[in-house]
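So you know, we letter chains A, B, ... as the sequences are listed, proteins then strands, and number each from 1.
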Amino acid sequence: MSSLQIQPLATLSPPSNSRCWQSVPHPSQPLIATACSDKTVRVFSLTSFTLLHSISGGHKRSVRSVSWKPHTKGQSVLATGSFDASAGIWRRVERGPEEDFTRHGRDDDEEEDDEDYQFSCILDGHEHEIKSIVWSPSGQYLATCSRDKSVWIWEELEDDNFETVAVLQEHDQDVKCVAWHPEEDLLASASYDDTIRLYREDQDDWVQVCCINGHSETVWCIEFEGSGMGEKDFRAQKGELSEEQIQHIELLERSGPRLASCSDDSTVRIWRRQPKEGADHANGHAGVPSIIRSFSVDEEWVEDAVLPQRHDRVIYSISWSRKSGLLASTGSDGKIVIYKERWKEQISNGVTAAGVDKVVNGIEAPSRHRMTEWVVAAELYSAHDVFEVNHAVWAKRCDKGRRSDDEEIIVSTGDDGEVKAWTVEEVKPQAGG
Amino acid sequence: MDRSKDNANPTILNASDLPSRRRELSAKKRDDGGTGLFDGLVPAYNYLNDPFDGPLSSSDSDDDSFEDIDEQEIYDLIAPISDPEHPLSLAELAVVNLPDIHVEPPTSPQSSISTVVVEITPTITHCSLATVIGLGVRVRLEQALPPRFRVDVRVKKGAHNTDDAVNKQLRDKERVAAALENGTLMGVIRKMLSTCE
Amino acid sequence: MSDIQQYLLDYDRSKKDASVTAEASATRLQNRELKLLSFIQELGEYLVSEDGAMRAKTMAYLAEVLSFVPQKVLSLQQRNLLCDFIVSRFEDSEGLGSCAKALIALEELGKWEDERAVMITESLLNNTHPLRQYKSASERYAVLRLLDKMMANYRDVLRNLQENTPGFLSRFIAYFDGEKDPRNLMMVFSILRAPMAEWNISADAQELFEAVFNYFPIAYRPPSNDVYGITVQDLKDRLRDCISATPDFAPYAIPALLDKLDTPMVNAKRDALTAITSVASEYGPRTMALYSITLWDALKFEVLNVQEESLAEEALNALAAIARTLSQGTNGPLQAYLRPIAKECNEHLEDAPTKQSQASARFLKAIANVSPEVTNIVFPNVLPNLLVLYQNADTTSKRRGLLEVFVQLVRADIDVYGSWRSLGTADQSLANALTEYKDQALDVMLNGLNSAPIKEVSFRLVCLDGLLQMSKARQLLSDNQIGEIIQLLHSIVIHEESYGKDEVKEAAINGLVEIAHQKPEIVIHKAFPAFLAELPDKDEDGSKAYVPVLEAFAKLASEEQMFGTVILRVKNKFSAAVKQGATPTYLVALLSALLYALTQGESRLQQDPESSTYFQDIVLPLLQRAASSDSTHPAAFDNETTLDLVGRICNLIVRPLNLEQHDKVAVELYTLFTGSSQSALPPFQVDSTSEQGKTLIVSTHVLASLRKEATLPVDLQVLISSLVDYSQIPSLSPVVRSASLRQLSLICNKFIPASSLKSSINQLLHDPGELFSLEKLDSLRIRIIFAILKGVVPRNSPFLSTIYPEVLAFLSHPQYGKTIAHGFTTLLQPDDLLTKVNHCQISGLHKQKSFALLVPNITAIFSESSAETKPNCLIALSGILKWMPFDIVVEEVERLVPLLLQSLDLSGEDLVKEAAIDLLLSVLREKPKVIEEYIGSLISRLLNNSTTTATRRTVGSSNLTAAPLPPPKVRTAALKCLTLVPDKLRHETVLPYRRQVTKRLTFALDDRKREVRGQAVKCRRAWLDVDEVDDDE
């Protein structure tokens, strides 16, 4: 009963000969960086889908994770986290968006030194493999996590001068993934110990403010919902809403962006913060120490939904579209699944209702009655042939074929060393809800 | 020399008692109960392959028939791995056993992913090397099986004190990947696999 | 200028010239032109020189001169004068080496009196102690040689000196302190060996021991420019001799060596173990008695807990050596040594089968086969317990473990007491120590083998082995007991249902053969009737029960006492079966058995062929039956395989007969003793029945067996041309055609005399035969051409150089070029009829010759010829190379590789590819360098011939193979070859391909054929092991 269809758009060329872990789109440029087990990072153009740069020489082992620094002017800054326990910072002067059109088709060997990404500094400190690295939305902080059970927060005082502002050792096992709240300086980490933990600053000191137990196996990936999604996802479609529905929307507003997580227990779960009476964290300008201080920093996050279970092996990655609110997951079984949230049947037309039930029953949460439901909107088998898919992410579509300015594609990264771009299209009008 | 092994004196199976494929084959070939002593009396090349006519191929009859990868084949792949502390194979030590190997077909028609589950039985319940052995088995199979197979290596229930912990490690792709980039550990694994022919 | 001046002048410039001068002086001394006195006086002035080098050279001059002076020139008094003079020079720090050399030279001119020897030694020790103060190794070497000489020639003198001068020995020992030069060490060791072995050194034993043991373990790698060729092994051996030189060392040596056992370094350990072994064999029983148990306690760990196999072996040697030494002494110490061993082994047996029970088996085996004294102690201490444990054992695997130990003991027993046919180490009069336990053991194993479930393979194999060993052991079992074993074995062979790999059945058969070797008469007496009873005259029920029996029976023929009987019985059974009209399958089985048996005893056939009746009894009836068309002709004989067997049997028997008998056979070659007229038969009668045609299969083998001097039934040319015509009959069955063609080959090889070879072949190929005429060319004629060539090629006739080019020319033939090309593979293909034993003319060099005549030509044609012809060249080429020994091919290999690679692109030519790959394989093995430049295209071609690029979607479905792949055999071969690439070519050459290859191979891992997958796994591992240089760790 899927309403969307995932269609192959391109395989980024040339593919690597060895496993690739993760591909992260550039915040502003039509670029995507892929972390590769051959110790390199490959930067592809999203307009031509060809390799622009191969960044090597910085790491002694697999590059596991990469992150573009947001809001950088005139240059691109890339952070890399590697199994060699070190993180690297790389810089490159950008020449505006058209740059890669001119470049496209040129021989790689022409891209020499000054055109290339310069290794600008290395962040040492972790004892074991770094498994995830992420810039905070402001670009002020950089978070890393590692098999050494710790999460580190670094602050870039000025270019290439990083200071460790926190070493958080709450987890009792490997830390698999870190993610920043889009609006607040709130950091979340997911671990081999099956928990998710959240941290924020309290009296210039980063502390754990919440520990989420909900998954029964390793939590592989977490991601926060985008900012102000109320305007974009199912909530956006106006029309007469019931009392409860309006209340629900307000509740979500006060909770702020939610958190999604996926795990070795083959489930994807959504978590929501319980708003604190009086206090209102949700607005963008919250999170300023002066306000927080008066309250206990502790937060309560509750399970908001369990998504329909479509994977029969470990789920490695999820991605939550900042444009549509659609959520994509992928993992060991080689599938890519897209889920969408919507109001429950009372307003959905009969045609789908029947079909919906099946799914709903599948996901009906034990205790609490829910206003909305997540349904599977698209399902793709063997995205990378028989290989495991390590990562899938939403990205802005930039190639000539794009149909609208904010069309999104999914980019998947697999054990076969390939990075593939997929379009997501509506199939039948009556579907979709 | 180290006189401190987890199990200095393991029980040893005899090669002739280990399950083998040739067993069935030869049984199939010889319905007459003979050992094929006379098969070689008339040299094959005389009449049979006259290069002038007939198919000019060494074609072994039915190439289109599939011999699927089965439990025995998996067993044959991991049986010769040698134990990290004894100069003996995992099969001889009954660490890997045919009945504890299962090949599971794809879970749905759209999927082409099969799963191999191998349960290992460490020689004693506190064998500190269980993880290494498990890793060795997993590495061997990931090197030797086509990628459409997912390999799950577990310690047999009850066969080990901390089997859950061990199993979780063996399950974790990222840890395994990292382990394989660790030269020292890989050295040990290499040594274990060096007896695989 | 005086000689000495001359000498000193030349010395630094050219030693050679200097020597010439020295020699000259020597001659002048000899014919009295030069007085000794003035000679010495001349030296005087240089010896007082301030310049030390000058003094040293002077002494060198003296030494050299003396070395040139012949016997009898110098009087005793003169020699003494010289000697005193030289010894006086010891005080000079320069020229010591030359002094020593001079003395050596002097000594060779005449032996010294004892006092003088003493004086020399003393003043040497007094003036030059310690030797290490002299920096030049060669100088020290000279001194050591001198001392070695003294040790050799004045041993008693020195011994007395040592006994009468307190402290002498320790001064003597200390003299060599700190020697490091290997060559000198060899000397030191051999100098010290004498006092160690012969002097009374009790007081200085420790000092003496340590003097040498300081060098243990010896770790020395000879320099690349080593001139003396002293290996580390030489040093080790000398040192070991020293250590084991005298029991007096025991108190120091044994603890010290045991101490070394704890080092982690394998080499040091191995040296310690070997040292212990030689110590154990040298120190003698009385000393070893003191240490035997300590040693056991230390050595056992090397076996119980094998760190490295070689160490375990050496430890066992040591333990055995101890036992051997103690066996020479009184019984007490031996007892004392063996008891704890037996005790510990018994303990380990408790929980057999384990690593340690296996270790116990090794201990007992190693020790028990040393001597009867040992077996007499070990057996009573171990066997009763072992048998008890066996009775109480709860699992089969435990019983197996115990018997494994027992079998080892029986083997040991055989080493000591011998087998029925060979004596052991022990004196024959001694009673076998196993006797006491034989009955019980026999029961146990008969029982085990008999009653254990059939799937207990390993257990039953052990029982069987045990029984076998016991049956061999000299004077152990009675004939009846052996009979029981035989009965059990043949009943297994006959009645037991087939299981698994039939290891037990096979072992049983081989067991019978082995017993037959020891006790033939019992086997004949017991087993034969049982076997024959199983062989029906007529096989109604179609059961194949007789097959294993026949196999066992035929195998027994390999034992020469059995041969005659076996042949006879099988032959009779065959004729009976024929009379009863048994099925072809049964007859084939019987013939196969007969043929197998004959091949087993071929040597016996040759011994005195004339006297044997096999021709009358076997060949004649067979031939007549084969050829007869009346009722005596069994249906089975219409079967081509049957006839082939018949032919081979006749061939074996006829082959060794003499010429006269061959002539008799030759006349009947085609009539086969049926009396029918030859002209009515093939090959002379073109329209003969297919039954008659089949007799050619038999006649081919008979023809093959004939000497080339034998006279054929018809004129040569007639026979040849009839065969040529006959071979062209389209309707012939492949086998019959091939038979007629092979007759052609045989005739061309054996019966055409060299003189007329060229002419008669030409008659065939050109006029009138016209086989070579283009118009008439067709595939039947092409076969004939190659059949003829096949006969000629091994004769290595010069005439080949004219035929080959003509044949090669056909490669470009539009229609038949390819057929011709394929023909080449037949030329050198091994053939079981064209052999020396069949009296064929096989020149040792014919392969080289054909290679030289063909390969360069083909490569030439290839480069010139059109795209259509090129493949034919490649096909022909591979057909030749396929059978070429690599050492011939290797000459041309550089030029061949590119062609081989191209033949991997031919589609459909799987045999060609296979051959090409095989060859590439050997090139990789023998001459990898050659391949290196082609690595890229080699790898891609091998991959294309072994893997698809499409994954197998779902199991069982076959929608995968993008391009059609060659058959499994080729795929496997390609993978084999690819497997070799990484370890034959340089790392840096291979590395760039690693990722792509390993990735592509994942498809081969999913090949539909298991065999291919297996090779793919090996291949991929080889490539995965190609490491990227790891910059960390």
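Note on K168(B) versus D174(A): no salt bridge recorded, every NZ/NE/NH1/NH2 to OD/OE distance being 4.0 Å or above. Taking a cutoff of 4.0 Å between a charged side-chain nitrogen and a carboxylate oxygen, R150(B) and D312(A) do not qualify as a salt bridge. A salt bridge links E174(B) with R64(A): the closest approach of a Lys/Arg side-chain nitrogen to an acidic carboxylate oxygen falls below 4.0 angstrom.
For D415(A), the part lying near chain B is the side chain, with the backbone staying farther off; criterion is any non-hydrogen pair under 4.5 Å. Q173(A) touches chain B through its side chain: at least one heavy atom from C-beta onward sits under 4.5 Å away, while N, CA, C and O do not. The contact between Y192(A) and chain B is made by backbone and side chain atoms together, counting heavy-atom distances below 4.5 Å.
Using a 4.5 Å heavy-atom cutoff, the side chains of R148(B) and D385(A) are not in contact. For the pair K173(B) and V314(A), the minimum side-chain heavy-atom distance is 4.5 Å or more. Here the side chains of R175(B) and K131(A) are in contact, with some heavy-atom distance below 4.5 Å.
For the atom pair CD (E181(B)) and OG (S37(A)), the distance works out to 6.5 Å, reported to the nearest 0.5 Å. Remark: I113(B) CD1 to R313(A) CZ distance equals 8.0 Å, nearest 0.5 Å. Atom OH of Y381(A) and atom OG of S112(B) lie 11.0 Å apart (nearest 0.5 Å).
Comparing H128(A), E129(A), R19(A) by heavy-atom pairs within less than 4.5 Å of chain B, the highest count is held by R19(A). Considering only heavy-atom pairs separated by less than 4.5 Å from chain A, the leading option among T107(B), D172(B), D152(B) is D172(B).
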